[in-house]
Amino acid sequence: MASKTELWQSRASEKKKELLRPLLKERLQGSWLGLIIPMILLISWEIASVRGVFEAHLLPAPTVVLAKISEMAADGSLWSHIWITLYRVFIGFVIGTASAVVIGSFVGYWKLAENLLDSLVQAFRSIPSLAWVPLFILWMGIGEPSKIVLIAVGVFFPVYLNIVAGIQGVDRKLIEVGKIYQFSSLQIVRRIILPSALPSFITGIRSGLGVGWMFVVAAELMGASEGLGYLLVEGQNTYAPDVVIASILLFALLGKGSDSVLKLVETKALHYQDTLANQG
Amino acid sequence: MASKTELWQSRASEKKKELLRPLLKERLQGSWLGLIIPMILLISWEIASVRGVFEAHLLPAPTVVLAKISEMAADGSLWSHIWITLYRVFIGFVIGTASAVVIGSFVGYWKLAENLLDSLVQAFRSIPSLAWVPLFILWMGIGEPSKIVLIAVGVFFPVYLNIVAGIQGVDRKLIEVGKIYQFSSLQIVRRIILPSALPSFITGIRSGLGVGWMFVVAAELMGASEGLGYLLVEGQNTYAPDVVIASILLFALLGKGSDSVLKLVETKALHYQDTLANQG
Amino acid sequence: SDKASGGDEKPEKITLDYAYYSPTSLVLKKFGWAEKELKKDGVEVKWVQSLGSNKALEFLNSSSVDFGSTAGAAAFIAKSKGAPIESVYIYSQPEWTALVTKDKKIKSVKDLKGKKIAATIGTDPYIFLLRALKEEGLSSKDVKIVNLQHQDGANALLSGEVDAWAGLDPHMAKVELESDGKFLYRNPDFNTYGTLNVRSEFAKDHPEYVKKVIALYEKARQWTLEHPDEAAKLLSEEAGLSLEVAKKELERNNFEQPVPGDEQREAISSAGEVLKAEKVISPDTDIDKVVNELINPSFAEKAVK
Amino acid sequence: MLAVQQLKRVFKGGSAGFRNLHFTVQESEIIGILGTSGCGKSTLLRVLAGLDQNFTGKLKNKDKDGKQPGMMFQEPRLMPWLTVKENIGFGVKDGAGKEVEIQQFIDLVGLTGFENHYPKDLSGGMAQRTAIARALITDPSVLLLDEPFSALDAFTKMQLQDLLLSLWEKRKTTMVLVTHDIDEALYLCDRIFVLKGQPGEQYAELILDDIKKPRQRGSHELAERKSNILNLLDLSRQEAN
Amino acid sequence: MLAVQQLKRVFKGGSAGFRNLHFTVQESEIIGILGTSGCGKSTLLRVLAGLDQNFTGKLKNKDKDGKQPGMMFQEPRLMPWLTVKENIGFGVKDGAGKEVEIQQFIDLVGLTGFENHYPKDLSGGMAQRTAIARALITDPSVLLLDEPFSALDAFTKMQLQDLLLSLWEKRKTTMVLVTHDIDEALYLCDRIFVLKGQPGEQYAELILDDIKKPRQRGSHELAERKSNILNLLDLSRQEAN
Ligand SMILES: Nc1ncnc2c1ncn2[C@@H]1O[C@H](COP(=O)(O)OP(=O)(O)OP(=O)(O)O)[C@@H](O)[C@H]1O
Ligand SMILES: Nc1ncnc2c1ncn2[C@@H]1O[C@H](COP(=O)(O)OP(=O)(O)OP(=O)(O)O)[C@@H](O)[C@H]1O
Ligand SMILES: [Mg+2]
Ligand SMILES: [Mg+2]
């Protein structure tokens, strides 16, 4: 049993200073910590490769892959692959998100729109990206539009789903406040429902962006001659595992990078939430 | 301006009876309404096909596709395709969801786990399904495990993302109640955080199931000889648009069907929410 | 829109495809002869890459390209399902497919009975496998065909997941050079030629330009024949292959016979029989009719001197 | 202005809510509603505000311009993503003077210095004061108040009661005030309805318009009425049980 | 039992929270805390409960078994996915008699018949009563109550105050009670602290343990103390401004 003195908790005011900027410190520390596991994975992969556990023609060593990447960087092809894919993902993401917001708001708020549209969307949602490819080529040819629209399709569904769920989960109490002020439906959606659904929406766009990246490969099957998805498929077709792994790494890096941007937006936008993380 | 009598709103009690079971009525009506647009689409597609707007070798008429489906149903191959794919999706869904719940709970609740793991997961999240195929064959061969795990990977990410967001968005006020009762971290997670995050979690599994269906094609590129994804790829490789469209339709139907099950679960599980839809 | 334009006599634009499996298309693209030649008529040239026969056919079907390079059998299957295309030129007679194994105990096609074989359904290696089996009196029912993409099939073979693989170049050349895979069965005649296909509509509207394109291909073919080493280097650079692999691949291409004719008809018809037996094409297909409609030597006969 | 006949709204097969309400509120009257917890006071305000349409009976709640009543809910219901200032201005149409007016109300309810706080950083009483300011600033012709001062200390409460009265002097707003504080009802109201039971029914009506406002808190007159009301409430409870 | 020295917890650069608190609570004492809205009462309870660790100064809040105080928050904080019954039993360890005990408390706070309602279908007062039951049922040795009866009508309030006293008779729970109702503080507490200012500081202490419990509501003795407290509160406000 604890002695009497031990029951006292004491905190001197100097300690407080340490607590002043814990967020910044934590964040820096956090990003370092995040590198530990990837580093361990990379190093063991390298060691295993050097020891011959993985056959080089199946899974080349990280150093080989990095050499490939820097080779591509040197001859400039890397940048054009990255640039064009980033461009496609970005535009597709914007289009997909915008349409999901519009349609999702309708479906979330108006029962009739939900009854009319939701089933259809849910049905389309599980059609694989590869299935769309021939149809999109047929409808839109093999230019940029078909690629961008296909990525937009991938982005659309998670955003839609999260926005509808967010809207339908909005607290009735807050909506009633808007009704008291005789807000129009549009005002209620814009001023109460969308801000309320913001956390869910942000999760949706983060999820959607991920699916967008995934759809890049299918999109770039439609007559691309550049891009990360093209690089991947070409690597597979020319039996170049280093190119394949390089493109996978690039997908991972760009995906993580673009997601970090959204995560930053999330932290900024949701600072008002009364959660453990936001405690003052 | 309204006359004096018009200012009165009056509701007789008979009207109330009509309101007794609006939910059931609405739901029935809802499901009928959902068929309107698909029907319009199908009929205009049929008409366009008959009129020769779409060339049959590119986009066969719905009736042709239906004939193909019933042909496959008659010779039994349809059922084995559907069955094996359903089986893979189901098991993959369960595995993906379970691991997302475990890992997501850790990451959502313990800052350290978030720092260690989250970046890695976010990086993996944007790797396209097709990129995994060679790696999975390498690691797990071409049996059922690799297919199921690949589907689980697809399911994992949206569920993970939504569960982490759900947990991190949990109201601090409720967590404090648990702390007052000196709940252990595990109890807090199980009794407060997970139920609080339930709406977000359910959106996540619905989103995840959709991505799971999308991953079927990649999964069944790994040495399948049956399944809807196999059917799709076979149809594409043998230039059989009727098979392709049939498999797309089946994806849509099964996807919608499986989602409806989850939606039902959602409605049941979230009946306690104080939302417009749940008003008594 | 990217639809290649039709029009009356002169097309505004001609869209050609290039593919790593068609070395002459790479040569043609590399030297820009088409652009130079057609610019004289004020016709624009656009290049699109085909990653495989199926993509080339999708592009042809959606009028995204005017000329597409495919395997003969692939063009045949598509034609049998109604695709409006004609094979007007042979870019090579490749021996791009063969049966490969690592298992020393498998010495002939007969030994494959009951074994797991990787192949991509519907492609030339698949047809090759079926024909090889048929020759030995076997059918697809006697073995277990595992549907894998070409490169995955190679990996599966190397990691011992499957006993044999119906391979395709350049994967096959690479397996041959870089690992212990060996040929189990090869037969150039079971390959169905590399055919250059044109959209029927384009052929009808612009017959002159079909001839012009064939003439350009001829120029590329001549160059390839005259400069085998440079051609290998070009292929290795364009397709990101090592020089040895590229050389191996080129060695297995025969560029002697550019005009489609009876040999092709025969090869494709025999492939057709197998496909019919395996129900890849409908059992009531009139193979000869389809083949005759597909193979159209008239342009090449005039263009090739 | 505001009138109901045979008004009824029940939940769960008739075991909760209210029923049998008849009353008419004159222009610029202040009506108090007292009753035990759960007797349907908030439900009544929701019906009066037009938020709950599943009532039976007759209801008149629009003013001559067709406007619905304003309302302050029992919980603050602040938008968590808006600051105090933005919450108070939530229902105010944009226009010149909006900022000034908001600042006035912030000062009136004693939140000066907390303009830019988010709801999560407010104390219970501060959140309630923000909600009060949000309800008062839009100046509706009918105002429904659901326990507006329940989370405030005695002095802040009195101060805001006086604020309410002074605004009423200026604007002559019709008000319906649900409260548990009998002194508050006595200080502010012209008439007081007592509800009883579950579902609640009209039990008694107390008319106070003979006592001039501003009234004297703790005056003998009010003390008398207070014991009167306490009796009524007690009786209503006993009868209901 | 419960003691603080130099306790301070401020937000936003020192402009809100509380500071300079010194007091010791004896076992089974009932302490009242009064103060203007926003002076840091809830913050104090959060620190005492061990929920807020960012204080400075010294704090003793564990009982001899090392257990932290129980607490009832200013808002009901019910789990929306649990019924009234489940919410009340939320902190109760599973075991024989759990159900019976829950039902007892449901009856004690007057929620009989609403056992299976979800929070969204409760009135404000009913939600508060559920929270009271949830806090009382676990029988902690120290109980912190943050305006526990603020949403209740006069009679229900009295009834629950008596319930609290009767439980105290049985269990001799140490309690810290934040309230805005001076009568309530006078009826229940042994000592009353008055806080002043923003951030709040200890302003006065009132010792009432000379008046025996159960006390007579509205007795002369209490009325005297009440005016005393009102004076103190008024002074504290004036000094703070
Ligand atoms: N998380 C926070 N961040 C910043 N300031 C806060 C936070 N929590 C409380 N405050 C401020 O601390 C002060 C005291 O708040 P507290 O909730 O303790 O007041 P209170 O005495 O309980 O008031 P009330 O009687 O209105 O409930 C308030 O000015 C409030 O704005
Ligand atoms: N949505 C609902 N579904 C079912 N019952 C409800 C609903 N809303 C309120 N009730 C019930 O109606 C009754 C009246 O609730 P109301 O909120 O009007 O009470 P109140 O008089 O405001 O009480 P309090 O003083 O505690 O706030 C309560 O018994 C409550 O349980
Ligand atoms: Mg109420
Ligand atoms: Mg407080």
### Query
Between D:T83, D:V92, D:T138, D:L82, which shows the greatest number of heavy-atom pairs under 4.5 Å with chain A?
D:T138
Any non-hydrogen side-chain atom of [X] less than 4.5 Å from a side-chain atom of [Y]?
{"X": "A:V177", "Y": "D:M79", "result": "yes"}
{"X": "D:P80", "Y": "A:L174", "result": "yes"}
{"X": "D:W81", "Y": "A:Q273", "result": "no"}

### Task
Pick whichever of A:Q182, A:Q187, A:K179 has the most heavy-atom pairs under 4.5 Å with chain D.
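Going by pairs under 4.5 Å, I would pick A:Q182.
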### Task
Grab the two heavy atoms, one from A:R191 and one from D:F90, that are nearest each other, plus how far apart they are.
NH2-O, 2.8 Å
### Task
Looking only at non-hydrogen atoms, find the nearest pair between A:I180 and D:A49 and report the distance.
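That closest heavy-atom pairing would be CD1-CB, 3.7 Å.
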[X] [atom1]: over 12 foreign heavy atoms closer than 6.0 Å:
{"X": "A:W110", "atom1": "CH2", "result": "yes"}
{"X": "A:F183", "atom1": "CZ", "result": "yes"}
{"X": "A:Y272", "atom1": "OH", "result": "yes"}
{"X": "D:K8", "atom1": "NZ", "result": "no"}
{"X": "D:K172", "atom1": "NZ", "result": "yes"}

#### Entry: Structural part of D:P69 lying under 4.5 Å from a heavy atom of chain A
backbone
### Query
Under a 4.5 Å heavy-atom cut-off, does chain A meet the side chain of D:L78, its backbone, both or neither?
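The backbone, not the side chain.
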### Task
Give, for atom CZ of D:R134 and atom OH of A:Y181, the distance between the pair rounded to the nearest 0.5 Å.
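Between atom CZ of D:R134 and atom OH of A:Y181 there are 5.0 Å.
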### Message
Please check: side-chain N/O of D:R77 versus main-chain N/O of A:K173, any donor-acceptor pairing under 3.5 Å?
### Response
yes
### Message
With a 4.5 angstrom heavy-atom cut-off, is it the side chain or the backbone of A:L270 that approaches chain D, or both, or neither?
### Response
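Contact with chain D is absent: no heavy atom of A:L270 under 4.5 Å.
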